[in-house]
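When reading the values below, keep in mind they use all heavy atoms of this one structure, side chains included, and skip hydrogens, waters and symmetry mates. None of these values were measured; they are calculated from a predicted model.
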Amino acid sequence: TNPESELGVGNVTFSSGSFTSGIAPIVVEGNWTQTGGTLAGSTTIYVSGNWTLNNGTLTAGTGTIIFDGVYATQTLHSTVAFNNLTYSGIGAGTTLTLTNALIVNKTLTMNGGDFEAGYNQFSLYGDYINNGGTFNAYTVYIVGTAATQNIGGFTGGNPYIAMEKSAGTAYFTQNVNGAALSIDGSGGTLNLDNGGGGFIHTFGNVGLYAGTLNGGNSSINIVDIDTISEWAWARNGRLFNAGNSTVNFNANGDQTIEASSTAFVGLRFSGSGTKTMSIKDSVWELSMQGTAVAAGPPPYFYSGSSLE
């Protein structure tokens with residue numbers, strides 16, 4: 001057990017036994033390497049070097065692991081989940097790189113630097129706070145049963161975002177960009193804003209498989225053209241509650257609203273190419289811009305609807 005005052009060390013290596021932190025922070029100026037044993041406690045651990053945890057146990061409690069970015073490059077390899085994880089890279093050129101899958105149960109905070117997850121599976125059971133820096137990942141999974149999750153923007157990256165919650169609601173708290181958005185969590189909900197609205201999200205395409213997508217007061221730009229295996233707006237349109245949102249299909253090419261029975265409040269066709277609607281789609285306000293051409297079954301227009 002560490003003392004009640006701050007503990008500073010160089011490299012930490014242990015393979016058996018247990019280490020229980022007190023209330024004081026621990027500053028690791030080198031690498032943390034754990035190949036067995038148990039790390040427990042609720043303090044803050046600052047790490048300047050690399051973190052490797054293989055075959056050991058991390059009982060995180062309310063504690064936070066902070067990668068402080070003192071060194072230009074740091075790596076993170078852990079076979080167990082973190083509760084609270086923070087990366088505070090110091091300006092451009094500082095990088096934290098994942099070398100395997102990562103689970104964060106409570107809060108991931110980005111304060112600066114470049115977080116590189118690559119093709120490793122990255123799962124958020126809690127909040128993601130974006131205070132700065134860049135976040136690069138192939139896929140981000142928003143999962144779990146937390147009643148509320150707040151998800152900030154993945155600045156500098158363009159991940160595939162999959163909402164797979166089985167209960168509770170996740171809220172976007174900033175503009176979010178992604179290669180695609182998948183709603184595939186039976187019992188889970190994703191809100192495009194947290195009540196204030198005004199966010200503009202951009203995705204290559206949207207797939208509605210299970211769960212609920214609430215538009216709120218935000219907008220979505222759909223920017224990819226159709227492919228053999230993917231439509232711009234796919235599967236079950238009834239899973240989308242438009243609120244006061246606008247969905248803008250603005251690729252320079254053909255796009256298809258394959259998800260039938262979608263009720264749009266604001267629907268915009270822009271860019272170019274043919275924008276094809278599906279059976280039983282309904283629209284409050286349809287806007288045509290650029291050289292885009294509308295095709296497919298005519299939508300149902302609500303009383304008082306408008307066409308621009």
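W231 and V223 fall into different hydrophobic clusters, where Ile, Leu, Val, Met, Phe, Trp and Tyr side chains are chained together by heavy-atom contacts under 4.5 Å. A continuous path of ILVMFWY side-chain contacts below 4.5 Å connects I220 to V176, so both sit in one hydrophobic cluster. A single hydrophobic cluster is not seen to contain both Y141 and L208; linkage of ILVMFWY side chains at heavy-atom distances under 4.5 Å, directly or through other members, places them apart. Y138 and I161 fall into different hydrophobic clusters, where Ile, Leu, Val, Met, Phe, Trp and Tyr side chains are chained together by heavy-atom contacts under 4.5 Å. By the rule that hydrophobic residues join a cluster once side-chain heavy atoms approach within less than 4.5 Å of another member, F122 and L85 end up as members of one cluster.
A donor-acceptor pair is defined here as one N or O able to donate and one able to accept, closer than 3.5 Å; such a pair exists between the side chain of Q255 and the backbone of I222. In this structure, N83 contributes its side chain and G63 its backbone to no donor-acceptor pair below 3.5 Å. For Q174 (side chain) and G153 (main-chain N/O), a donor-acceptor pair under 3.5 Å exists by modelled atom type. Of the possible donor and acceptor atoms, none in the side chain of T256 sits under 3.5 Å from a partner among the backbone N and O of E258. With Q74 contributing its side chain and S48 its backbone, the two residues share a donor-acceptor pair below 3.5 Å. Here the side chain of N136 pairs no donor or acceptor atom with the backbone of E116 at under 3.5 angstrom. Here the side chain of D224 pairs no donor or acceptor atom with the backbone of N205 at under 3.5 angstrom. One N or O on the side chain of D281 and one on the backbone of S261 form a donor-acceptor pair closer than 3.5 Å. At least one donor-acceptor pair under 3.5 Å links the side chain of D127 to the backbone N or O of N150. Checking side-chain atoms of H201 against main-chain N and O of L192 turns up a donor-acceptor pair under 3.5 Å.
Distance check, rounded to the nearest 0.5 Å: CD of Q289 to OG of S272 gives 13.0 Å. The structure places CG of L190 at 9.5 Å from CD of Q149, a figure rounded to the nearest 0.5 Å. Between F269 atom CZ and K275 atom NZ the span is 8.0 Å, to the nearest 0.5 Å. Expressed to the nearest 0.5 Å, how far CG of L239 lies from CD1 of I183 amounts to 9.0 Å. Atom CD of Q34 is separated from atom CG of L53 by 4.0 Å, given to the nearest 0.5 angstrom. Atoms OG and CE, on S88 and M110 in that order, are 8.5 Å from each other to the nearest 0.5 Å.
Looking only at atom types and distance, the side chain of N241 has a donor-acceptor partner in the side chain of N214 under 3.5 Å away. Inspection of the N50 and T75 side chains reveals an N or O donor paired with an N or O acceptor under 3.5 Å. Neither side chain, D193 nor N217, offers a donor N or O lying under 3.5 Å from an acceptor on the other. N100 and N120 share no donor-acceptor pair across their side chains, judged by distance under 3.5 Å alone. Under 3.5 Å, the side chains of N54 and T35 contain no donor-acceptor pair of N or O atoms.
Residues passing the ring pair (Phe, Tyr, Trp, His ring centres under 6.0 Å) test with F154 are Y128, F135, sequence neighbours excluded. Contacts of N11 classified as side chain to side chain contact (heavy atoms under 4.5 Å, CB included), with partners at least two apart in sequence or in another chain: N31. Among residues two or more places apart in sequence or in another chain, the side chain to side chain contact (heavy atoms under 4.5 Å, CB included) test is passed with N194 by Y171, T173, F199. Evaluation of the side chain to side chain contact (heavy atoms under 4.5 Å, CB included) rule for T109 yields T86, T107, N111, I129, N131 as partners, not counting sequence neighbours. Take T13 and apply the side chain to side chain contact (heavy atoms under 4.5 Å, CB included) test, not counting sequence neighbours, and it matches T33.
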Chi angles and distances behind the side chain to side chain contact (heavy atoms under 4.5 Å, CB included) call for F249, L267 | CA-CA 8 Å; F249 294 85; L267 176 62; 3.5 Å; yes
Criterion side chain to side chain contact (heavy atoms under 4.5 Å, CB included) on I26 and T44, from CA distance to verdict | CA-CA 6 Å; I26 300 171; T44 298; over 6 Å; no
Stepwise side chain to side chain contact (heavy atoms under 4.5 Å, CB included) check, H77 with W51 | CA-CA 6 Å; H77 180 94; W51 179 283; over 6 Å; no
Step-by-step side chain to side chain contact (heavy atoms under 4.5 Å, CB included) determination, I45 to I66 | CA-CA 6 Å; I45 301 177; I66 298 177; over 6 Å; no
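Considering only heavy atoms from C-beta on, V143 stays 4.5 Å or farther from L124 through its side chain. You'll find the side chain of V283 reaches within 4.5 Å of the side chain of M277, heavy atoms only. In this structure, F172 and N191 have side chains that are not in contact, with every pair of non-hydrogen atoms separated by 4.5 Å or more. Between W32 and F14, some side-chain heavy-atom pair lies under the 4.5 Å cut-off. With a 4.5 Å cut-off on side-chain heavy atoms, F82 and L108 do not count as touching. Contact annotation: the side chain of I65 never approaches that of N84 to less than 4.5 Å [non-hydrogen atoms, C-beta and beyond]. Put simply, the side chain of T246 reaches to within 4.5 Å of the side chain of R268, judged on heavy atoms. At a threshold of 4.5 Å between non-hydrogen side-chain atoms, the residues Y160 and S182 count as touching.
The aromatic rings of F264 and W233 are tilted relative to each other, their planes meeting at an angle between 30° and 60°.
Judged as a ring-ring contact (aromatic ring centres under 6.0 Å, His included), not a single pair has a partner in residues 206-230 (not counting sequence neighbours).
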